[in-house]
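Everything numeric in this text was worked out from a predicted model, so none of it was measured. Numbers here simply count residues along the sequence, with the first being 1.
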Amino acid sequence: MRRSSLLVCLFDLVALAGCPDRTIDSVTPEQGKVETKDIPTQRRGADILFVIDNSGSMKEEQDSLRANFGKMMQVLETLDGGMPDVHIGVTTSDMGTSAEDGTTDGSKFGCNGTGDDGQLRTAPVVTGRYIADDGHGAKNYSGTLDDAFSALADVGTMGCGIEQHLRGMERALQNPLNTGFVRDDAYLAVVVIGDEDDCSLAHQGLFDSSTVADTVNFACTSDGVDCDQPDMTTPGKRTSCRANDHARWTQTADHFAQFLKTQKSDPRDVVAAGIVGETTPFAVTTKNNVSVLAPSCTYAGPTGDQTAFPAVRTTEFLAQFESRSNSTICGADLQQGMVQIGALLKGKFGDPCFEGQVADADPSTPELDPDCSVSEVKRVPGGGDVELDLISACSQTSNAPPCWRVVEDAVNCSYTHTDPHLELVIDRGSAVVDPAIHIRASCVTVDPTGSQF
């Protein structure tokens, strides 16, 4: 392999004062983009919490979620060793009229008390309040995993129309009825599915703000969201909308992001994902002579036109996580969003599949000559990673482990957008490795037209 004089830092981490004085194999100045892989050396579990909007407009989206759950799991099944050890729980956005401070507004507009109170749902086919499946035959449900999830996720459409997605998440992780769902040694993933924005309440009073349901619903927007145009009642488009950090009733998105991060000793072990409404366009319109939020999209569903509304607060919550996925619910099929979440989760376990087309450092030879640098690093919880040793490429003359190679894997990497579907393989032989050790790899990629990034 050629060696360039360009120095490349493998780790973009604050804790490291600088890059090791090493060169990355074959990285030339015009090949400026590298795809980085972070691969743990020990397989772990994942606790996956679904927070599903169970208000009246969600039937088609719930049906699509249940139909496409298997797409997410199919991605996870491509992990080395098969499906990981999972806990899968389902709760809803229905927190009734309750607020973070422990108060409620009683029963209003079909919303009652504390609603579902973050309780994980049960089903006859599942023993306990969540699915447990170690990927090797030990499970607590009858039938297939898809059927068990479908039973838990059949949440209906009778829930409160003031959706408190983030409080539902928070309460689910606090409610003593759900004890055992979260494990110390597993990744924690939260997936929000909803066609309206979060309206998690810090204080009571929103439900008493009007006797008109549409006005109460719009109060979630006017109280919980700030835009460049301060008047939220006049019809028209708004720009630069964001969560309101000084709201009268709603709790801040930051509060819930910080809460979720503290559920793990290392926040990098948390995954946040959503299939929600697009944040733009954001506009106010009128309905029955009162101000209402206009949908950000309208799409054809199985039973007619469907709408979704700008998820400004939910999107701001998701944006605060290093490992995140934000997909649109604006469509009749949630397959793409579920595959994306599966790929995100797989990445936490170490996704060796390349999203970009791996560059060939020497096109004059028939075999691919990747431009990669691969190292061992040690993870320090709450701190930076420490780089240990470089790992050499496997060669035809010497394959002594540890070494690495890039190979085609059209089966396990079928969900990537490149062809051929390539993955990074680490050969460690029979060595026993410290579970704190990760593999960090950086490989130069090109775009599908052949232009180097």
Side-chain angles (χ1 to χ4, degrees), residues 1-13 15-43 78-81 346-380 384-409 412-413 416 418 420-446 452-453:
M1 239 180 219
R2 298 170 294 145
R3 187 173 295 277
S4 165
S5 61
L6 177 66
L7 295 179
V8 176
C9 179
L10 286 178
F11 312 115
D12 185 16
L13 294 171
L16 295 181
C19 302
D21 187 15
R22 300 171 180 170
T23 58
I24 183 171
D25 286 347
S26 307
V27 179
T28 58
E30 66 270 22
Q31 293 175 321
K33 181 179 176 69
V34 293
E35 183 171 332
T36 300
K37 298 290 180 187
D38 186 334
I39 304 174
T41 54
Q42 185 172 1
R43 189 162 157 260
T78 64
L79 282 164
D80 186 20
K346 182 180 179 181
K348 298 305 295 182
F349 291 98
D351 187 355
C353 300
F354 289 96
E355 283 292 337
Q357 180 179 325
V358 178
D360 190 350
D362 189 0
S364 65
T365 62
E367 68 277 357
L368 176 67
D369 188 16
D371 290 358
C372 299
S373 184
V374 182
S375 292
E376 289 184 336
V377 298
K378 187 167 185 176
R379 170 160 287 188
V380 180
D385 291 344
V386 178
E387 183 182 6
L388 301 178
D389 298 314
L390 282 172
I391 298 177
S392 300
C394 302
S395 68
Q396 294 181 350
T397 58
S398 175
N399 288 321
C403 65
W404 62 268
R405 59 173 63 87
V406 174
V407 301
E408 183 173 1
D409 190 339
N412 290 331
C413 299
T416 61
T418 56
H421 304 284
L422 301 178
E423 70 173 351
L424 178 72
V425 174
I426 307 297
D427 182 0
R428 286 192 167 276
S430 58
V432 178
V433 183
D434 182 343
I437 301 298
H438 284 227
I439 299 297
R440 189 70 58 83
S442 294
C443 296
V444 176
T445 59
V446 299
Q452 296 164 351
F453 280 109

Open item on the list: Just so I know, are the side chains of Asp427 and Val425 near enough to count as touching, which here means a heavy-atom distance under 4.5 Å?
Closed with: no
Task: Non-neighbouring partners of Glu35 that pass side-chain hydrogen bond (donor to acceptor under 3.5 Å, both in side chains), sequence neighbours left out - done: Lys37
Open item on the list: Using side-chain heavy atoms (C-beta onward) and a distance below 4.5 Å, is Pro40 in contact with Phe349?
Closed with: no
- [ ] Taking all heavy atoms of Ala441 and all of Val374, pick out the closest pair and write down the distance.
- [x] CB-CG2, 3.8 Å
- [ ] Report yes or no: do Thr418 and Gln357 form a side-chain donor-acceptor pair below 3.5 Å?
- [x] no
Open item on the list: Is any side-chain heavy atom of Val386 closer than 4.5 Å to one of Val377?
Closed with: no
Task: Min side-chain heavy-atom separation Ser373-Leu390 under 4.5 Å - done: yes
- [ ] List the atom of Cys403, the atom of Ile391, and the distance in Å for their closest heavy-atom pair.
- [x] CA-CG2, 3.6 Å
Task: Set of residues satisfying side-chain hydrogen bond (donor to acceptor under 3.5 Å, both in side chains) with respect to Ser364, sequence neighbours excluded - done: Asp362
Task: pair Trp404-Pro370: side-chain heavy atoms closer than 4.5 Å - done: yes
- [ ] Report the residues that fulfil salt bridge (Lys or Arg N to Asp or Glu O under 4.0 Å) with Lys346, sequence neighbours left out, ordered by chain and then residue number.
- [x] Asp351
TODO: Please name all residues satisfying side-chain hydrogen bond (donor to acceptor under 3.5 Å, both in side chains) with Glu355, sequence neighbours left out, ordered by chain then number.
DONE: His417
TODO: Would you please name every residue forming a side-chain contact (heavy atoms from CB on, under 4.5 Å) with Asp409, sequence neighbours left out?
DONE: Val411, Asn412, Cys413, Glu423
Open item on the list: Which heavy atom of Gly429 sits nearest to which heavy atom of Pro401, and what is that distance?
Closed with: N-CB, 3.6 Å
Open item on the list: Measuring from atom CG of Asp360 to atom CG of Asp371, what distance do you get when rounded to the nearest 0.5 angstrom?
Closed with: 8.0 Å
Task: Check: Ile439 and Arg428 side chains under 4.5 Å, non-hydrogen atoms - done: yes
Task: Any Leu368 side-chain heavy atom under 4.5 Å of Val358 side chain - done: yes
TODO: To the nearest 0.5 angstrom, please state how far the SG atom of Cys372 sits from the CZ atom of Arg405.
DONE: 13.0 Å
TODO: Applying side chain to side chain contact (heavy atoms under 4.5 Å, CB included), run through Leu388 and Ile437 and close with a yes or a no.
DONE: CA-CA 9 Å; Leu388 301 178; Ile437 301 298; 3.3 Å; yes
- [ ] Quick one: list whatever passes salt bridge (Lys or Arg N to Asp or Glu O under 4.0 Å) with Asp38, sequence neighbours left out.
- [x] Arg379, Arg440
- [ ] Calculate, to the nearest 0.5 Å, the distance between atoms NZ and CD belonging to Lys378 and Glu387 respectively.
- [x] 14.5 Å
Task: Student check: side-chain heavy atoms of Leu424 and Phe354 closer than 4.5 Å - done: yes
